[in-house]
Asks: 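For reference, the structure I am asking about is given below.
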There are 2 protein chains.
Amino acid sequence: MRRIADSTVRRLSLYLRFLEESTNRGLVTISSDELARRGGTTSAQVRKDLSFFGSFGKRGLGYSVPELTESLREILGLRRDWQVIIVGAGKIGTALAQYRGFRQRGFRVTAVYDRDPKKIGTRWDALTVRDMAEIERDIQKEHPDIAVLTTPAEEAQVVVDRLVSAGMRALLNFAPIQLQVPPDVTLKNVNMAMELEGLSFALTNRDR
Amino acid sequence: MRRIADSTVRRLSLYLRFLEESTNRGLVTISSDELARRGGTTSAQVRKDLSFFGSFGKRGLGYSVPELTESLREILGLRRDWQVIIVGAGKIGTALAQYRGFRQRGFRVTAVYDRDPKKIGTRWDALTVRDMAEIERDIQKEHPDIAVLTTPAEEAQVVVDRLVSAGMRALLNFAPIQLQVPPDVTLKNVNMAMELEGLSFALTNRDR
DNA sequence: ACATGTGAACTGCTTCACAGCG
DNA sequence: CGCTGTGAAGCAGTTCACATGT
């Protein structure tokens with residue numbers, strides 16, 4: 001398989017969302033044009049994105065909603081559940097741990113870590129905040145798939161180094177800092193400061 | 001001014017972060033190469049990014065940390081404060097409203113809205129949750145600059161339409177849905193579901 | 001007739017490489 | 001000599017346009 005662009009994967013994720021919505025509305029087929037309108041892209045883009053993985057449509061007709069849904073789940077690796085740990089039990093970590101959308105999509109939060117003794121042992125729903133000191137042991141025992149980082153920026157790189165050497169290979173970073181990871185580790189960033197500054201730039205330079 | 005790529009603006013935001021860090025470490029000058037290493041890019045990229053806005057460096061020397069910091073603040077529109085409202089007082093909205101990083105960077109959360117009567121009137125810090133019904137009036141009176149959307153996905157588009165017709169021109173959307181806005185409105189998305197699915201894809205297709 | 005699938009053209013971001021200047 | 005600033009080249013992602021299959 002040829003290398004797939006990040007932008008393509010993001011759009012596949014969107015298409016899947018529309019397909020799920022279409023299923024709920026009882027639609028049986030959908031065209032690349034309809035998928036494109038909802039995703040703010042073009043029909044050619046939709047077809048090109050899908051073409052990297054195979055031929056899923058019927059000429060003259062469009063795509064079968066259930067079949068394309070299943071194909072996208074397969075492509076995105078969503079036919080299985082993923083074990084997620086959250087590192088950092090601050091405001092955002094807490095909010096994420098309790099966020100329903102995760103489990104609904106097959107991302108099961110199985111542990112939350114913090115190093116603050118006041119937080120360790122606290123319970124939310126079925127989760128107890130664990131001691132950061134135990135994280136290496138736990139990773140080697142429980143093999144979580146994805147770590148979500150919600151520590152303060154100052155600690156994030158140190159924590160990442162620990163997670164990576166303990167074996168984590170997929171990280172979602174919320175700390176407003178660019179982390180360094182080895183090439184076999186996949187890192188995605190959610191950087192609200194950056195997005196806000198993007199809005200600030202747009203507002204400032206609107207009428208150029 | 002020529003149209004600036006989104007990716008460029010995001011990097012400028014990163015450069016600014018490193019510059020602030022460099023200031024704290026007492027550095028006086030910095031080279032494009034150093035900026036590049038921290039941002040996971042190349043020195044040519046750094047120089048090209050900056051070149052869209054002017055010449056900030058000294059040949060043979062590099063960039064003055066305080067001068068480049070100030071220039072980037074200017075470019076990104078960060079020499080003023082921005083008024084931010086949060087729409088949706090759920091888990092994530094609550095976490096964001098209390099997030100210190102916002103105010104530190106000049107983004108002042110001035111109001112939080114929800115339509116749930118049980119939440120309206122609740123106080124956090126200096127903020128009281130306001131009734132969603134009053135949002136149009138408030139926008140016209142208080143002229144907030146940026147709205148952060150943390151409503152459930154089902155309600156997000158309706159809320160956006162209300163915000164836009166009330167005059168909002170910059171939106172940061174946390175709902176896992178692609179929103180439609182007119183071309184004069186700037187919309188940025190933070191979509192955790194999409195990032196997680198990107199990680200799922202990477203983990204699944206790693207050894208292609 | 002209609003919508004897909006895809007090579008070819010195009011657009012625009014990134015990288016190169018070097019002239020220019022301190 | 002070192003590092004910036006920048007045209008030119010390279011490359012990746014997007015769009016076009018049409019042959020193809022139903």
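Since the structure is predicted, the reported quantities are computational estimates derived from the model, not experimental observations. Sequence lines set the chain letters: A, B, ... in the order given, protein chains first and strands last, and positions in each chain run from 1.
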Asks: Counting just side-chain N and O atoms, does B:Y63 come under 4.0 Å of either OP1 or OP2 of C:dG22?
Replies: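 Answer no for this pair, as no side-chain N or O of B:Y63 is under 4.0 Å from OP1 or OP2.
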
Asks: What is the distance, to the nearest angstrom, from the CG atom on A:L61 to the C1' atom on C:dA3?
Replies: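 In whole Å, C:dA3 C1' lies 8 Å from A:L61 CG.
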
Asks: Without decimals, in angstroms, what is the distance between B:F56 CZ and C:dG22 P?
Replies: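 Roughly 17 Å, once rounded to whole Å.
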
Asks: Atom NZ of B:K48 and atom P of D:dG7: how far apart are they, to the nearest Å?
Replies: 7 Å

Asks: For the base of C:dG20, is there a side-chain donor-acceptor partner from B:R59 under 3.5 Å away?
Replies: yes

Asks: Looking at D:dG5, I'd like to know if its phosphate oxygens (OP1 or OP2) sit under 4.0 Å from a side-chain N or O belonging to B:S51.
Replies: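 No, B:S51 has no side-chain N/O under 4.0 Å of OP1/OP2 on D:dG5.
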
Asks: Output the rounded distance in Å from CZ (A:R47) to P (C:dT6).
Replies: 11 Å

Asks: Taking 4.0 Å as the cut-off, does a side-chain nitrogen or oxygen of B:T41 come that near to OP1 or OP2 on C:dT14?
Replies: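 No, because none of the side-chain N or O atoms of B:T41 sits under 4.0 Å from OP1 or OP2 of C:dT14.
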
Asks: In this structure, how many angstroms lie between the P atom of D:dT4 and the CG atom of B:L68, rounded?
Replies: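 These atoms are roughly 11 Å apart.
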
Asks: Closer than 4.0 Å, any side-chain N/O of B:S32 to the OP1 or OP2 of D:dC3?
Replies: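 So the side chain of B:S32 is outside the cut-off, no N or O lying under 4.0 Å from OP1 or OP2 of D:dC3.
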
Asks: Out of C:dC21, C:dG5, D:dG13, which has the shortest distance to the side chain of A:S7?
Replies: D:dG13

Asks: A:L35 has an atom CG; how far is it from atom P of C:dG5, in whole Å?
Replies: 12 Å

Asks: Mapping B:G62 and A:A5 to their closest nucleotides on DNA chain D, which lands nearer the 5' end?
Replies: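 Closer to the 5' end of DNA chain D: B:G62.
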
Asks: Salt bridge between B:D145 and B:R80, side-chain N to carboxylate O under 4.0 Å?
Replies: yes

Asks: Which is true for B:S43 with a 4.0 Å heavy-atom rule: it touches a base, it touches only sugar-phosphate, or it touches nothing?
Replies: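 No contact at all - B:S43 keeps every heavy atom at 4.0 Å or more from the nucleic acid.
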
Asks: Would you say A:R25 and A:E21 make side-chain contact, with heavy atoms under 4.5 Å?
Replies: yes

Asks: Rounded off to whole Å, could you give me the CZ-to-P distance for the B:R3 and C:dT11 pair?
Replies: 16 Å

Asks: For the aromatic rings, using the six-membered ring if either is Trp, is the centroid distance between A:F102 and A:Y99 under 6.0 Å?
Replies: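 Between A:F102 and A:Y99, the centre distance is under 6.0 Å.
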
Asks: By nearest heavy atom, map A:S55 and A:G60 onto DNA chain C; which one lands nearer the 5' end?
Replies: A:G60

Asks: Got a second to check how far B:L72's CG is from B:E67's CD, nearest 0.5 Å?
Replies: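 CD of B:E67 is found 12.0 Å from CG of B:L72.
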
Asks: Taking only the side-chain nitrogens and oxygens of B:R11, find out if one of them lies under 4.0 Å from OP1 or OP2 of C:dT14.
Replies: yes

Asks: Do any N or O atoms from the side chain of B:T23 and from the backbone of B:L19 form a donor-acceptor pair under 3.5 angstrom?
Replies: yes

Asks: Respond yes when some side-chain nitrogen or oxygen of B:Q45 is under 4.0 Å from OP1 or OP2 of C:dC13, and no when none is.
Replies: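 It does not, given that no N or O in the side chain of B:Q45 lies less than 4.0 Å from OP1 or OP2 of C:dC13.
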
Asks: How many Å lie between CD on A:E67 and P on C:dT4, as a whole number?
Replies: 14 Å

